[in-house]
Amino acid sequence: MNKFPVSRISPALNDPDLSVNIAGIKLRNPVIAASGTFGYGKEYRGLLEIAELGGICTKGLTLAPRPGNEGTRIHETPSGLLNSIGLENPGIEAFIEKELPALRELGPAVIANLSGSSIEEYAKGAALLDSSSIDMIELNISCPNVKAGGMAFGLDPEAAFDVIKPVRRSAPNKPLMVKLSPNAPDLAAVARACVKAGANALSLVNTFKAMAIDIRMRKPVFENISAGLSGPAIRPIALRMVWELCDAVRVPIVGLGGIATAEDALEFLMAGAVAIQVGSATFAHPPAMNEIISGIGDYMRQKGFLELRELDIRKNPGK
Amino acid sequence: MNKFPVSRISPALNDPDLSVNIAGIKLRNPVIAASGTFGYGKEYRGLLEIAELGGICTKGLTLAPRPGNEGTRIHETPSGLLNSIGLENPGIEAFIEKELPALRELGPAVIANLSGSSIEEYAKGAALLDSSSIDMIELNISCPNVKAGGMAFGLDPEAAFDVIKPVRRSAPNKPLMVKLSPNAPDLAAVARACVKAGANALSLVNTFKAMAIDIRMRKPVFENISAGLSGPAIRPIALRMVWELCDAVRVPIVGLGGIATAEDALEFLMAGAVAIQVGSATFAHPPAMNEIISGIGDYMRQKGFLELRELDIRKNPGK
Amino acid sequence: MSSFPAAKRCFLCECLSYDEINEETISLEFSWPGPQPRGGQFFMMKAEFGGVFLGRPISTAGWEAPGILRFIIARRGRGSEELMNLRPGNRAELSGPLGNCWADAGAVIPEGPAALISGGVGVAPLACYAPELGKRSYDFYAGFKNRPYGLENVKPRSLVIATEDGSEGLEGRIPDFFSPKGYSIVFSCGPVPMLKTVAAICEESGVPCYISMERHMACGTGACLGCTVKTRTGNRRCCADGPIFNAVEVVW
Amino acid sequence: MSSFPAAKRCFLCECLSYDEINEETISLEFSWPGPQPRGGQFFMMKAEFGGVFLGRPISTAGWEAPGILRFIIARRGRGSEELMNLRPGNRAELSGPLGNCWADAGAVIPEGPAALISGGVGVAPLACYAPELGKRSYDFYAGFKNRPYGLENVKPRSLVIATEDGSEGLEGRIPDFFSPKGYSIVFSCGPVPMLKTVAAICEESGVPCYISMERHMACGTGACLGCTVKTRTGNRRCCADGPIFNAVEVVW
Ligand SMILES: Cc1cc2nc3c(=O)[nH]c(=O)nc-3n(C[C@H](O)[C@H](O)[C@H](O)COP(=O)(O)OP(=O)(O)OC[C@H]3O[C@@H](n4cnc5c(N)ncnc54)[C@H](O)[C@@H]3O)c2cc1C
Ligand SMILES: Cc1cc2nc3c(=O)[nH]c(=O)nc-3n(C[C@H](O)[C@H](O)[C@H](O)COP(=O)(O)OP(=O)(O)OC[C@H]3O[C@@H](n4cnc5c(N)ncnc54)[C@H](O)[C@@H]3O)c2cc1C
Ligand SMILES: Cc1cc2nc3c(=O)[nH]c(=O)nc-3n(C[C@H](O)[C@H](O)[C@H](O)COP(=O)(O)O)c2cc1C
Ligand SMILES: Cc1cc2nc3c(=O)[nH]c(=O)nc-3n(C[C@H](O)[C@H](O)[C@H](O)COP(=O)(O)O)c2cc1C
Ligand code: FES
Ligand code: FES
């Protein structure tokens, strides 16, 4: 009479495990708020279930406070967004003192997005973060919106190596994820240099270098001329890059770029990403990340998957 | 009493001149149907005023007929489109015999989009076109959807030089426009190599290498895995590339990538493009090109511009 | 291949009526100042303020008056959902009529009774064609999930209805209740598994069978080569060489 | 800085009514199960099936009943056009209430008559605020292109209306008919040139003046730093530190 053995197993046992371990940090699920799109965590309170998230990346932090860029900072494009914020932030010390305690309280893993305009600045910032309560550093060598540093370090394998090495030394206690630029001429080479220099994980993509012209004023919309493109518009390109990168290096890859729905997130997880970040989509629809988390679970239940890594279609081509 | 001298000038004299001369070929206006999105011209008859267009680029042509790719060929993305047609075409001889006569009748300049998988094939195709009635060759060294040739020639300056040189020799009577790939690691270097090899004009962008995964089937949507992304989604990136390229080389640049409205077209013309092409937008809204032509005229009238080249905001920063 | 159908046009058209057929299916009427379509033809349809990039191919279901077209739309993904969200006062861009028509196929076939076989919203292009049959006698086989719809203007010799839940007519799938015997020609539109079955039983009986194929489309006009249907004589464009194909030609 | 306003929420809300005010302006009512906003607060609003990527900031104009919010929307670009295309039965996602409110500013100001000065759709947040003033006396100066609107629930000591075409009230722009003399505080919302003029004449007279600023917004919550308003004490976020600012603080 034992025709339906599944009914005898408690449902909890068949429930998929959405947790993921990235370089020693355990996230309850693979959905992380992307840097610069979620402030310091509390801004979105009420509009989504923040405690449910796997992690939160802070706005890009620099050693000294920065006022950010002048002029227009955001400009909508078809299914996307150009931004030129220019790393406005209160500086790492003020962050640790004023923002981090409340951010820690929210529940998700705290990932500090670190930027700088010189190797020294990066290294000093990393040292400060190393002795704070953050869980992980995301090293931003891919910001297209600052004049010195930022993306310059992410375009060239040697430059990337040269900045990561000292950061790795200054922050020996924190896992280091390096955020790559889709604008790099040879992404795989940059990625390999990052790993060689000690990166424990890689995240990509940061925004694509792009621009807009104000035809009424007859000048570029942004004072820096170019700005960074994000949002669903870039997703097919970002996915292709994540797919290729998962083939090129052996460290965990966190995929992002235009993810707005569980279906989108599943594409990246199937391409080999161990986790994903959601940026601009939260602007358009604040509960997007909660829906993504439950949608991933639903899909796994439907397909009978118990662990996230079963999603990777190259490592687990079955089903 | 001569208070309103303007009223004495015939309106025709104040009407902007939308014509443009590209490498000796005069187009009545700068709006060209992009290759692969307008068939051989007649397919859209009835849905827009084809005779009004500045030019029509044919579907990519190869020496021998090609059946194109297997499996899914198009896939919609947010504000964009992935395609993997794979250069299905009847071959250049059949084109000249069966399609060209009707295409010529339509009115706009005829630009033959030429592709190939070897230098010899490109050169032989160019020779056939050279003795036909087409107005210009657009050399496609940027198709991401064929295994041999195609984009490979467009990623590397030397490879580009090596294919253009013989094509230039085989088609001495036709102006040669080379269509560049946005996927090139160093676009400016490729562009300079094209000019050195004899290109009279450059067009960009072709599609961006991108992909999609079918989460239900758990496999890439396209048999070739990657496909080419086009449509408004890519416009801000394409515009930035056109802007940079106009600074890097001295030949006329024809800009494209996601142009759907007169405002979009004006952005490219202001960035320095001498003309523009419209591809995917025609799918979404067939009369788009007619609206773009009249919208450019309206804008010029409003601003008091008489010639297209006044639009370039770097060469004519006034107004 | 289509010589019959009228020239195509593109207009921004006002939605005149919205009717809910069931939770998954609605019908819309639009004003249409362009040429009248023939049964089997379709339009690329795109909401004026929609979020999808491309129009969606939708078959004409018929018209009550000239200058007005009726469509039946079923929920599939985002594109159909947006169209189902249209209400009177909203507008959509319609390009068409596109593709060939059933009459192109039927015209070359000897007289005799025809069978029209539909599954789900596949009823639309066949119901639109039925009045064109004039005095030619035909039987209509229509399958639905539950409540039937779209058959108002259909006056067949015999009407066979099947529903998956048995709520009306026969219980089951429509091909189970169909035999090509006695028909000079068969026209069918519906889900792929149904078309395959219908095509197979017609081929066995040697009865000509024409089916309307579905592909994702970008241009709808034959320009992009994105909607390939593989046939025994090579690639065909679903939108321009079809959507209606001789079933024996199709390579599935 | 806003302590008063209630927690924010996000819901997909049904459009309950659509009214055309004039060719360029409409009013919409939505069901809203979340916390009641205060005058001056706004919502990020996005049509369920729209084509723009981001929501658009729209101020609450008021409500006839709890659980229902009214908005007045003017045509500017594609985003506002999509919202103007909503009809009863359609839905939009609303996130809010967002930003600070007039009361945050007014609360710290000594008693005395207030002046509320609006231009165009700027009438909405001020008309929403008016009932909150309770027994405090206020005058309302409202400027429009042509026919006035949005003033149904406004019960001022005196109502001054100006229209650009002179079709109703005074002919001209509203700042021409306003003097800060006799007011203890001024609240204003409208086009930038108007706000600048109002702010300047208030500063001259030493009357406190609060203005609602407009910026393109991505998040609307203070997270993205995209909507910077420059003030004498540094960058402020229009959405979270505003939209209402003390006019003397603003660096134009
Ligand atoms: C000539 C023609 C006439 C048509 N007439 C009508 C009509 O009158 N009424 C009507 O409701 N529909 C009609 N259709 C179908 C309609 O075009 C599709 O339902 C619509 O394009 C789906 O778009 P979507 O965005 O809603 O779904 P999508 O997001 O495109 O698809 C949703 C889901 O359905 C699957 N899917 C979609 N299309 C196909 C396909 N072709 N084959 C296999 N799987 C698919 C996708 O994989 C996806 O999972 C017609 C199609 C054609 C080609
Ligand atoms: C707090 C707040 C409350 C608001 N409340 C209302 C309201 O109740 N009702 C209402 O109708 N509108 C309101 N607005 C304005 C409304 O948000 C804008 O009209 C809308 O976002 C414009 O979007 P769009 O896509 O229609 O136009 P866009 O395409 O964004 O703009 C169209 C044109 O207008 C210009 N433009 C747009 N925004 C600005 C700007 N901020 N400054 C200068 N030029 C600009 C653009 O350059 C463009 O040429 C409010 C704005 C804010 C910040
Ligand atoms: C307004 C804005 C600000 C951003 N700021 C940062 C930043 O400070 N540091 C960083 O590494 N990335 C930053 N990003 C990039 C995002 O984290 C993300 O990489 C990018 O937006 C692509 O993801 P999305 O398409 O999901 O938004 C920012 C993006 C936006 C839109
Ligand atoms: C379906 C399709 C087929 C295409 N075929 C060709 C081709 O044969 N040759 C070519 O040079 N470009 C081809 N392209 C690229 C377009 O000409 C154009 O470069 C690209 O789509 C970007 O422009 P858009 O965003 O306006 O579509 C094709 C694009 C699409 C969408
Ligand atoms: S959809 Fe473009 S050829 Fe059929
Ligand atoms: S809109 Fe994001 S901070 Fe104001």
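Letters A, B, ... mirror the listed sequences (proteins, then strands); counts begin at 1.
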*Roughly how far apart are A:His285 NE2 and D:Met44 CE, rounded to 0.5 Å?*
14.0 Å
*Which one, D:Ala218, D:Gly222, D:Gly234, leads in non-hydrogen pairs under 4.5 Å with chain A?*
D:Ala218
*Go through D:His216 and A:Glu76 one step at a time and tell me if the side-chain hydrogen bond (donor to acceptor under 3.5 Å, both in side chains) criterion holds.*
CA-CA 9 Å; D:His216 280 154; A:Glu76 194 181 285; over 6 Å; no
*What heavy-atom pair brings A:Glu88 and D:Thr228 nearest, and what distance separates the two atoms?*
OE1-OG1, 4.3 Å
*Taking all atoms of both residues into account, what is the closest heavy-atom pair of A:Gly231 and D:Phe53, and its distance?*
CA-CZ, 4.4 Å
*Taking atom CZ of A:Arg45 as the centre, report whether more than 12 heavy atoms of other residues, nucleotides or ligands fall under 6.0 Å from it.*
no
_On a heavy-atom basis, which atom in D:Asn235 and which in A:Arg73 lie closest, and how many Å separate them?_
ND2-NH2, 3.4 Å
*asked:* Under a 4.5 Å cutoff for heavy-atom pairs, which residue among A:Pro287, A:Gly68, A:Pro67, A:Gly80 has the most contacts with chain D?
replied: A:Gly80
*Any side-chain heavy-atom pair from A:Glu43 and D:Arg237 closer than 4.5 angstrom?*
yes
*Of all the heavy-atom pairs spanning D:Ala223 and A:Thr37, show the shortest one and how long it is.*
CB-O, 3.9 Å
*Atom OH of A:Tyr44 and atom SG of D:Cys10: how far apart are they, to the nearest 0.5 Å?*
9.5 Å
*With a cut-off of 6.0 Å (strictly less than), are more than 12 heavy atoms of other residues, nucleotides or ligands near CZ of D:Arg215?*
yes
*Interchain contact, A:Leu47 with chain D, by part (heavy-atom threshold 4.5 Å)*: both
*Check whether A:Thr282 gets within reach of chain D through its side chain, its backbone, both or neither, counting any heavy atom under 4.5 Å.*
neither
*Inspect the surroundings of CD in A:Glu93 and state if more than 12 heavy atoms from other residues, nucleotides or ligands are less than 6.0 Å away.*
no
*Are the side chain of A:Asn83 and the backbone N or O of D:Gly226 linked by a donor-acceptor pair below 3.5 Å?*
no
*asked:* Between A:Pro286 and D:Glu93, is there a side-chain heavy-atom distance shorter than 4.5 Å?
replied: yes
*Which bit of A:Ala281 comes within less than 4.5 Å of chain D, counting heavy atoms only: side chain, backbone, both or neither?*
backbone
_Distance (rounded to the nearest 0.5 Å) between A:Phe283 CZ and D:Leu54 CG_ = 8.0 Å
*asked:* Using side-chain heavy atoms (C-beta onward) and a distance below 4.5 Å, is A:Glu70 in contact with D:Lys230?
replied: yes
*Take atom CD of D:Glu20 as the centre, draw a 6.0 Å sphere, and report whether it contains more than 12 heavy atoms from other residues, nucleotides or ligands.*
yes
*Measuring from A:Ile85:CD1 to D:Cys224:SG, what's the distance to the nearest 0.5 Å?*
5.5 Å
*Inter-residue atom distance A:Leu81.CG - D:Cys219.SG, 0.5 Å rounding*: 10.5 Å
_Are there over 12 heavy-atom neighbours, none belonging to D:Lys145, within less than 6.0 Å of that residue's NZ?_
no
